[in-house]
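Below is one structure, written out as structure tokens, with a few remarks after it.
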Amino acid sequence: PPRVAMCVGTCSRIVGLCLLVLGTLSVAANVLLLFPGGELKYLVEGHISKHAKVMPGVWGGGIIVLLAATHITAVGWRCCGCSDCGTRRNAFISAVLSKLALLGATACFVLSGVGLTNGPLCFYNASQQSSGLGTLWGYPFLDSGSQEPDRTENYLYNPHTWSTCLEPAGIVVWNVVLFSLLLLFSAAEMVLASLQILNGCLGFLCGFCEGK
């Protein structure tokens with residue numbers, strides 16, 4: 001039906017543009033994680049959190065989502081004029097790409113959550129910990145015994161412990177803010193990708209332009 005065709009095309013345009021913005025922001029947030037405090041030396045020295053090095057916001061919430069968003073947006077705008085567009089094949093492809101985007105965003109969400117929970121890599125005074133090894137680079141907010149975060153005393157709920165990290169300056173806030181943003185962006189991408197999967201399936205069944 002014409003109304004369904006127009007609705008599917010409009011939804012594709014909106015979802016596609018939103019995913020383009022979120023994918024770009026996700027890449028930017030992850031890139032910033034590689035430069036604590038805006039400084040290059042920590043990346044050169046290799047003093048970057050392993051979860052930031054994995055770059056889930058670049059490949060998961062970024063590139064994969066942007067590829068899907070580009071196709072979804074293109075299909076949506078072509079369907080606006082209903083000229084050589086909106087085929088059921090394109091609708092099916094958009095649904096498949098949306099599934100990939102959903103997987104990428106989910107991976108970004110999970111890895112960002114782990115990075116946020118474990119805390120940043122920083123230079124800290126280990127003599128205050130049970131190890132008593134003096135100052136060193138490591139993850140001070142991880143439980144040294146089980147190598148898992150202490151859920152009952154998680155550093156996220158104790159800002160007064162953030163001063164444990166001596167270097168880079170403000171690394172805890174930097175880590176918390178950027179990983180939190182990645183969580184937010186990837187969660188929104190998951191919702192939009194799921195919506196486009198349904199939208200693409202509807203377009204595949206009903207078509208975009210047929211009968212307009």
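Between C122 and V172 the shortest side-chain heavy-atom distance does not fall below 4.5 Å. Residues K50 and Y139 have side chains in contact (heavy-atom distance under 4.5 Å, counting atoms from C-beta outward). In this structure, F141 and N118 have side chains that are not in contact, with every pair of non-hydrogen atoms separated by 4.5 Å or more. Using a 4.5 Å heavy-atom threshold, the side chains of V15 and N199 count as separate. Within the 4.5 Å cutoff, no side-chain heavy atoms of T106 are placed close to those of S186. With a 4.5 Å cut-off on side-chain heavy atoms, L116 and L156 count as touching. Two residues are said to be in side-chain contact when any heavy atoms from C-beta on lie closer than 4.5 Å; T117 and F179 fail this criterion. For the pair L182/L33, a side-chain contact is recorded, criterion being any heavy-atom separation below 4.5 Å from C-beta on.
Across all non-hydrogen atoms, the minimal contact from G119 to N175 is C-ND2, 3.8 Å. Closest of all the heavy-atom pairs between N30 and G57 is OD1-N, 2.7 Å. Of all non-hydrogen atoms in L40 and F35, the two that sit nearest each other are CD1-CE2, 3.4 Å. Summarising the geometry of A29 relative to F185, their closest heavy-atom pair is CB-CE1, 4.4 Å, with the distance given to 0.1 Å. Heavy-atom minimum distance, L102 versus S194: CD1-OG, 3.7 Å. Taking both residues in full, the closest heavy atoms of V65 and G23 are given as CG1-CA, 4.5 Å, listed atom of the first, atom of the second, then distance.
Here the straight-line distance linking atom OH of Y124 with atom CG of L136 works out to 4.5 Å at 0.5 Å rounding. Rounding to the nearest 0.5 Å gives a distance of 6.0 Å between SG of C11 and CD of Q196. We find the CD-CD1 distance between E189 and I64 to be 10.0 Å, quoted to the nearest 0.5 Å. Here L195 contributes atom CG and C18 contributes atom SG; the two are 10.0 Å apart, rounded to the nearest 0.5 Å. Between E45 atom CD and E39 atom CD the span is 9.5 Å, to the nearest 0.5 Å. Taking OG1 from T73 and CG from L20, the interatomic distance works out to 4.0 Å, rounded to the nearest 0.5 Å.
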Practice prompt. Evaluate side-chain contact (heavy atoms from CB on, under 4.5 Å) for Y155 paired with V176, printing each intermediate quantity in order.
Written response: CA-CA 10 Å; Y155 79 102; V176 169; 4.0 Å; yes
Worksheet entry | From CA spacing to verdict: side-chain contact (heavy atoms from CB on, under 4.5 Å), T164, N125 | CA-CA 7 Å; T164 299; N125 188 358; over 6 Å; no
Item to complete: Start with the C-alpha gap between Y42 and E167, add the side-chain angles, then the distance that decides, and say whether side-chain contact (heavy atoms from CB on, under 4.5 Å) holds.
Response: CA-CA 10 Å; Y42 300 109; E167 190 182 351; 3.1 Å; yes
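Residues V54 and V114 are members of separate hydrophobic clusters, defined by side-chain heavy-atom contacts under 4.5 angstrom among Ile, Leu, Val, Met, Phe, Trp and Tyr. There is no path of hydrophobic side-chain contacts, each under 4.5 Å, that joins L17 to V191. Taking hydrophobic clusters as Ile, Leu, Val, Met, Phe, Trp and Tyr residues chained together by side-chain heavy-atom distances below 4.5 Å, L178 does not share a cluster with L184. In the hydrophobic clustering of ILVMFWY residues, with side-chain heavy atoms under 4.5 Å counting as a link, L34 and V58 come out together. Placement of V27 and V110 in two distinct hydrophobic clusters is found when ILVMFWY residues are connected by side-chain heavy-atom separations under 4.5 Å, directly or transitively.
Of the possible polar contacts, one joining the W174 side chain to the L32 backbone as a donor-acceptor pair under 3.5 Å is found. Between the side chain of S26 and the backbone N or O of L22 there is no donor-acceptor pair closer than 3.5 Å. The closest donor-acceptor contact from the side chain of W137 to the backbone of L121 lies at 3.5 Å or more, if one exists at all.
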